[in-house]
Amino acid sequence: MSVRILDKWRFVDLDAIELPFLHAMEESIAKKKIKNTLLLWRVDKPYLTLGYFQNVYEEVDVEAAEELKIPIIRRLGGGGTGYLTPNVLAYSIIADEKSKSMPKNVEETYRVICNGVVLDLKNWV
């Protein structure tokens, strides 16, 4: 049996948070090299969130969002457009790419991340 020593992770429950403040916090954690952090959060009100490379006018009905007073926030990470409400529990992972905890294989990385989220959620119950 082989034993793999894993890096330590920090788990932070932010609860309801303004999305721009969350993204500023994520950026600050990443820039300060405080890696291997799992943030659990939900937004304080509805938001539309866009990935870094998305074109807002191709992805979102901007006029409808303005009429409904739903802020559109761009995040540093990639991915698609999302609609967030206070009822959605979400998470952010900030990890060192050289971390012993993170496999090089994308599918295996998702397994590790999801397992960490599940372990942390068990602490809530």
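Numbering starts at 1 and runs along the sequence shown. Keep in mind that what you see is a predicted model, and the values were worked out from it rather than measured.
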S.K.: Show me the pairs that pass salt bridge (charged side-chain N to carboxylate O under 4.0 Å, His left out) and involve residues 49-68, at least two apart or across chains.
M.R.: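 As it turns out, there is no salt bridge (charged side-chain N to carboxylate O under 4.0 Å, His left out) pair with a partner in residues 49-68 once direct neighbours are skipped.
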S.K.: Only counting residues at least two apart or in another chain, list the ones meeting salt bridge (Lys or Arg N to Asp or Glu O under 4.0 Å) with Glu18.
M.R.: none
S.K.: For Lys31, which residues count as a side chain to side chain donor-acceptor pair (under 3.5 Å) partner, sequence neighbours excluded?
M.R.: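 Per chain and number, Lys31 pairs via side chain to side chain donor-acceptor pair (under 3.5 Å) with Glu27.
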S.K.: Looking at OG of Ser92 and CE of Met25, how far apart are the two atoms once the value is rounded to the nearest 0.5 Å?
M.R.: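 Answer rounded to 0.5 Å: 10.0 Å.
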S.K.: How is the hydrophobic cluster of Tyr110 composed, in terms of its other members, when Ile, Leu, Val, Met, Phe, Trp and Tyr link through side-chain heavy atoms under 4.5 Å apart, directly or indirectly?
M.R.: Val106
S.K.: Looking only at non-hydrogen atoms, find the nearest pair between Pro86 and Pro46 and report the distance.
M.R.: CD-N, 4.1 Å
S.K.: For Tyr91, which residues count as a side chain to side chain donor-acceptor pair (under 3.5 Å) partner, sequence neighbours excluded?
M.R.: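 Expected list: none.
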S.K.: Please enumerate all residues that pass side chain to side chain contact (heavy atoms under 4.5 Å, CB included) together with Lys32, with sequence neighbours excluded.
M.R.: Ser28, Ile34
S.K.: Can you name the side chain to side chain contact (heavy atoms under 4.5 Å, CB included) partners of Asn87, sequence neighbours left out?
M.R.: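 Testing Asn87 for side chain to side chain contact (heavy atoms under 4.5 Å, CB included), a comparison that skips the adjacent residues, returns Thr85.
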S.K.: Can you hop from Leu76 to Phe21 via hydrophobic side chains spaced under 4.5 Å?
M.R.: no
S.K.: Ignoring hydrogens, what is the shortest heavy-atom contact between Pro20 and Ile73? Give both atom names and the distance.
M.R.: CG-CD1, 3.8 Å
S.K.: Short question: side chain of Gln54, backbone of Thr81 - any donor-acceptor pair under 3.5 Å?
M.R.: yes
S.K.: Just grab all the salt bridge (charged side-chain N to carboxylate O under 4.0 Å, His left out) pairs involving residues 41-55, residues at least two apart or on different chains.
M.R.: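 Only Asp15-Arg42 qualify under salt bridge (charged side-chain N to carboxylate O under 4.0 Å, His left out).
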S.K.: Residues sharing Phe53's hydrophobic cluster, by side-chain heavy-atom contacts under 4.5 Å among ILVMFWY, directly or via others?
M.R.: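 Via sub-4.5 Å side-chain contacts, Phe53 links to Tyr52.
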S.K.: Taking only residues two or more places apart in sequence, or in another chain, which ones meet Arg10 in a side chain to side chain donor-acceptor pair (under 3.5 Å)?
M.R.: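 For Arg10 the side chain to side chain donor-acceptor pair (under 3.5 Å) partners, ignoring immediate neighbours, are Thr37.
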S.K.: For Leu39 and Leu22: C-alpha separation, side-chain torsions, deciding distance, then whether side chain to side chain contact (heavy atoms under 4.5 Å, CB included) applies.
M.R.: CA-CA 9 Å; Leu39 303 173; Leu22 170 74; 4.2 Å; yes
S.K.: To the nearest 0.5 Å, what is the distance between CD (Glu26) and CH2 (Trp41)?
M.R.: 7.0 Å
S.K.: With sequence neighbours excluded, what pairs up with Thr49 under the side chain to side chain donor-acceptor pair (under 3.5 Å) test?
M.R.: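 Testing Thr49 for side chain to side chain donor-acceptor pair (under 3.5 Å), a comparison that skips the adjacent residues, returns Arg75.
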S.K.: Using 0.5 Å steps for rounding, measure from the OH atom of Tyr47 to the CG atom of Leu84.
M.R.: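 Answer rounded to 0.5 Å: 9.5 Å.
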S.K.: My understanding is that a hydrophobic cluster links ILVMFWY residues whose side chain heavy atoms are under 4.5 Å apart, including indirect links. Using that, what else belongs to the cluster containing Leu68?
M.R.: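 ILVMFWY cluster around Leu68 also holds Leu48, Leu50, Val56, Tyr57, Val60, Val62, Ile70, Ile72, Tyr83.
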